[in-house]
Protein chains: 2
Amino acid sequence: MSSIEHGSAWSALEAELREDILTGRIRPGERLGEVALAERFAVSRGPVRDALRKLAAAGLVSFLPNIGARVRVFSREDARALYELRAALESDAARWAARRAGQERASSLVQLLGQHAESIAAHPAGAYLQNGKDADFHIVIAEMAQNPLLRNLLADELYPQLALLRRQHRNVDGRGRVALREHENIADAIINGDDELAALLMRRHIEASWNALSGQLEAGDTEK
Amino acid sequence: MSSIEHGSAWSALEAELREDILTGRIRPGERLGEVALAERFAVSRGPVRDALRKLAAAGLVSFLPNIGARVRVFSREDARALYELRAALESDAARWAARRAGQERASSLVQLLGQHAESIAAHPAGAYLQNGKDADFHIVIAEMAQNPLLRNLLADELYPQLALLRRQHRNVDGRGRVALREHENIADAIINGDDELAALLMRRHIEASWNALSGQLEAGDTEK
DNA sequence: ATTTTAAATATTGTTAACAACAAGGAATGC
DNA sequence: GCATTCCTTGTTGTTAACAATATTTAAAAT
């Protein structure tokens with residue numbers, strides 16, 4: 001079998017484009033011309049269109065008919081709606097995780113937080129929320145909730161959008177230590193099977209995260 | 001301007017295909033061959049692919065690389081996850097609607113329920129949940145919540161999937177009168193600004209809806 | 001100089017042909 | 001008779017050319 005599978009030209013494209021967008025190599029608002037991308041990946045425009053449509057469905061790319069695709073730019077209202085929805089989804093995720101958590105998964109959660117604590121001790125500067133450590137924690141909980149639909153919605157749509165949103169505002173989020181503390185409390189509640197507490201703490205955790213970001217949004221404006 | 005706009009061949013396709021799927025003209029599990037659809041709509045395979053990708057993103061069509069597209073078939077687990085997620089989203093929608101409802105919107109809600117009551121009186125057979133009357137009610141609340149992301153998620157993804165799911169199991173749902181009563185109670189809570197009550201009633205309303213469907217699912221099996 | 005109009009250019013939407021893959025059936029071997 | 005292999009057929013993935021739309025540039029008129 002050749003290393004290049006047939007029906008997956010756009011699959012590789014989509015992954016690499018996604019990476020470029022999330023790491024900021026292609027910046028919010030930047031044009032995504034089909035011909036340019038086709039040349040760059042040495043492929044025709046067909047697969048490029050597929051990949052762009054897929055990224056548009058994931059909310060990372062905005063699409064205007066007859067105009068083209070750009071890396072999505074979040075308005076302030078977009079950001080608010082995103083965090084509000086996230087708070088709703090994740091607080092229920094935490095609730096269900098607390099009810100349904102198996103012993104294995106719960107232990108993987110504490111192990112994860114152990115790694116995070118080390119990571120913070122090693123880099124006191126406090127870039128905890130970078131490197132996807134924060135996302136890891138939330139994804140584990142989303143999996144523990146045992147609802148595939150919810151899991152995919154969070155992991156494939158909301159979290160990438162959040163990453164792009166933070167990138168757009170060069171968000172550094174200095175609350176690394178505080179966030180870790182909140183994570184630990186949420187984990188405790190889940191392990192103890194206290195579903196109401198887990199849901200409440202998760203909601204507050206995300207609201208706090210929103211408040212931190214919202215403050216930074218005051219300065220840097222977002223054009224429509 | 002001509003009645004046929006250029007950059008929207010697939011847009012019309014998508015709408016008509018969606019209609020065919022939701023009305024059951026094309027049934028769950030049925031193949032959606034690109035050439036057949038291209039001939040039917042007198043268009044090439046390109047726009048057909050676009051439309052199918054869009055419907056796949058909306059969860060109405062399942063897609064296997066190198067194999068093709070079929071109308072989605074929901075497993076029992078899919079259905080459970082769908083209703084569970086819906087309960088979470090809509091109970092928050094009701095909560096926010098109660099907090100943020102403007103007077104105009106609230107009155108449109110009571111007006112809507114008035115029409116529904118007439119509809120039930122006229123057709124006591126009780127097909128209340130058909131004809132999209134039920135969906136209308138829930139969409140109005142989703143709009144009242146004033147979160148565009150949530151609104152689109154519900155109106156463009158979850159509700160179509162629910163409609164397809166019900167179609168798959170020929171669900172008739174005899175609880176028309178009961179459902180209307182529940183709707184009225186939810187509307188009252190929203191109008192009174194009682195957000196906690198609205199959220200609770202909505203959650204129970206959807207759980208009751210799930211229980212009704214879940215019972216019918218016992219008989220008719222769903223293949224993977 | 002400014003605004004308006006018109007041509008030129010670049011980009012997206014669509015099409016039809018070609019290439020690669022999957023599925024089913026016939027022929028062959030045991 | 002049964003299984004396996006190969007081939008045929010139908011379908012999806014990809015490509016390159018064509019059509020239509022948006023944008024930019026330049027010219028012309030006020």
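These figures come from a predicted structure and were not determined experimentally. Within every chain, numbering begins at 1; the chains are lettered A, B, ... in the order of the sequence lines, protein sequences first and strands thereafter.
- Atom-to-atom, CG of B/L64 to C1' of D/dG13 comes out at 15 Å; the value is rounded to the nearest Å.
- With sequence neighbours excluded, no residue forms a ring-ring contact (aromatic ring centres under 6.0 Å, His included) with B/W96.
- The CZ-C1' distance, from B/R45 to C/dA20, rounds to 12 Å in whole Å.
- A/R40 pairs by the salt bridge (Lys or Arg N to Asp or Glu O under 4.0 Å) definition with A/E16, A/D20, not counting sequence neighbours.
- Atom C1' of nucleotide C/dT11 and atom CD of A/E39 are separated by 13 Å, given to the nearest angstrom.
- Every residue two or more places apart in sequence or in another chain that forms a salt bridge (Lys or Arg N to Asp or Glu O under 4.0 Å) with A/R49 is listed here: A/E34, B/D50.
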Using atom names, set out every protein N or O paired with an N or O of nucleotides 7-11 of chain D below 3.5 Å, distance rounded to 0.1 Å.
| unit_1 | atom_1 | unit_2 | atom_2 | d |
| --- | --- | --- | --- | --- |
| D/dT11 | O3' | B/R31 | NH2 | 3.1 |

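- In this structure, B/H205 and B/H138 have parallel ring planes: the angle between them is below the 30° cut-off, well short of the 60° mark.
- In this structure, A/R70 places its CZ atom 12 Å from P of C/dT11, rounding to the nearest Å.
- Contacts of B/Y159 classified as ring-ring contact (aromatic ring centres under 6.0 Å, His included), with partners at least two apart in sequence or in another chain: none.
- Using a 4.0 Å cutoff on non-hydrogen atoms, the parts of residues 46-58 of chain A near DNA chain D are A/G46, A/P47, ordered by number.
- B/R27 is linked by a salt bridge (Lys or Arg N to Asp or Glu O under 4.0 Å) to nothing, counting only residues two or more places apart in sequence or in another chain.
- Partners of A/R70 under the salt bridge (Lys or Arg N to Asp or Glu O under 4.0 Å) rule, at least two apart in sequence or in another chain, do not exist in this structure.
- Under the ring-ring contact (aromatic ring centres under 6.0 Å, His included) criterion, A/F41 pairs with no residue, sequence neighbours left out.
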